[in-house]
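Every heavy atom of this structure was used, including side-chain atoms; hydrogens, water molecules and symmetry mates were not.
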Amino acid sequence: MGIIIKPIVTEKMASLGEKYSRYGFRVSPKANKLEIKKAIEEMYNVTVVSVNTLQVAGKNKSRYTKAGVINGRTAAYKKAFVTLKEGDVIDFYSNI
């Protein structure tokens with residue numbers, strides 16, 4: 001499994017990308033900022049200025065079914081917010 005799992009493509013992240021050249025990625029929980037920076041630069045051919053990471057905790061979920069209440073938990077994961085050099089852009093939709 002690689003360091004970068006998938007990009008976070010939401011309306012909020014799209015607006016951050018347009019305004020501030022910041023992009024979000026779901027990354028491996030064991031990856032550090034230097035590894036994330038290197039992986040983004042190699043994958044998208046851009047210059048990374050800074051990397052901010054955060055751990056997202058899993059949430060308890062419950063659902064009511066015919067068989068009764070089913071309890072579960074969503075998985076915890078790690079996010080990375082990457083700021084690019086001014087003028088650099090990542091286009092997630094170029095290969096569609």
Side-chain angles (χ1 to χ4, degrees):
M1 182 167 93
I3 292 174
I4 306 299
I5 296 172
K6 65 180 180 178
I8 299 172
V9 183
T10 60
E11 289 182 26
K12 185 175 184 178
M13 288 309 304
S15 67
L16 282 176
E18 292 171 3
K19 285 184 181 178
Y20 305 111
S21 294
R22 288 182 63 101
Y23 297 92
F25 295 91
R26 190 167 175 174
V27 297
S28 171
K30 295 182 180 181
N32 63 31
K33 292 182 181 186
L34 296 175
E35 293 171 341
I36 295 167
K37 178 180 178 178
K38 184 178 175 188
I40 296 292
E41 287 178 343
E42 288 176 1
M43 190 179 293
Y44 295 106
N45 296 322
V46 293
T47 304
V48 175
V49 175
S50 69
V51 177
N52 300 96
T53 60
L54 63 111
Q55 297 281 346
V56 179
K59 296 180 182 177
N60 291 322
K61 299 278 186 169
S62 62
R63 169 175 92 204
Y64 298 97
T65 64
K66 290 181 186 178
V69 178
I70 297 174
N71 293 316
R73 186 168 179 84
T74 61
Y77 59 95
K78 187 172 188 177
K79 280 186 191 180
F81 295 106
V82 177
T83 304
L84 303 181
K85 184 180 79 172
E86 196 170 327
D88 283 353
V89 177
I90 297 175
D91 186 15
F92 296 121
Y93 305 108
S94 64
N95 58 358
I96 293 178

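Taking NZ of Lys38 as the reference point, atom CD1 of Ile4 lies at 12.5 Å (rounded to 0.5 Å). Remark: Ile40 CD1 to Glu35 CD distance equals 12.5 Å, nearest 0.5 Å. Annotation: the span from Ile90 atom CD1 to Asn45 atom CG amounts to 10.0 Å, rounded to 0.5 Å.
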What pairs of donor and acceptor atoms, side-chain ones from residues 9-20 against any protein atom, are under 3.5 angstrom apart with sequence neighbours left out?
unit_1 : atom_1 : unit_2 : atom_2 : d
Thr10  : OG1    : Met13  : N      : 3.2
Ser15  : OG     : Lys12  : O      : 2.8

Enumerate donor-acceptor pairs with a distance under 3.5 Å from any side-chain N or O in residues 70-86 to protein atoms, sequence neighbours excluded.
unit_1 : atom_1 : unit_2 : atom_2 : d
Arg73  : NH1    : Asn60  : OD1    : 2.8
Arg73  : NH2    : Gly58  : O      : 3.2
Thr74  : OG1    : Lys59  : N      : 2.8
Thr74  : OG1    : Lys59  : O      : 3.4
Lys78  : NZ     : Ala31  : O      : 2.6
Thr83  : OG1    : Arg22  : NH1    : 3.1
Thr83  : OG1    : Ser50  : OG     : 3.3

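With hydrophobic clusters built from ILVMFWY side chains whose heavy atoms lie under 4.5 angstrom apart, Tyr93 does not share a cluster with Ile8. When the side chains of ILVMFWY residues are joined at heavy-atom separations under 4.5 Å, either directly or via intervening members, Val51 and Val49 end up in two distinct hydrophobic clusters.
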Original post:
Between Val89 and Tyr23, does a side-chain contact (heavy atoms from CB on, under 4.5 Å) hold up when you go through it step by step?
Top reply: CA-CA 9 Å; Val89 177; Tyr23 297 92; 3.6 Å; yes
**OP:** Any chance you could lay out the side-chain contact (heavy atoms from CB on, under 4.5 Å) test for Ile36 and Phe25, step after step, and finish with the verdict?
**Re:** CA-CA 9 Å; Ile36 295 167; Phe25 295 91; over 6 Å; no
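Closest approach of Ser28 and Gly2 over heavy atoms only: CB-O, 3.9 Å.
Residue Tyr64 shares its hydrophobic cluster (ILVMFWY side chains chained together at separations under 4.5 Å) with Val69.
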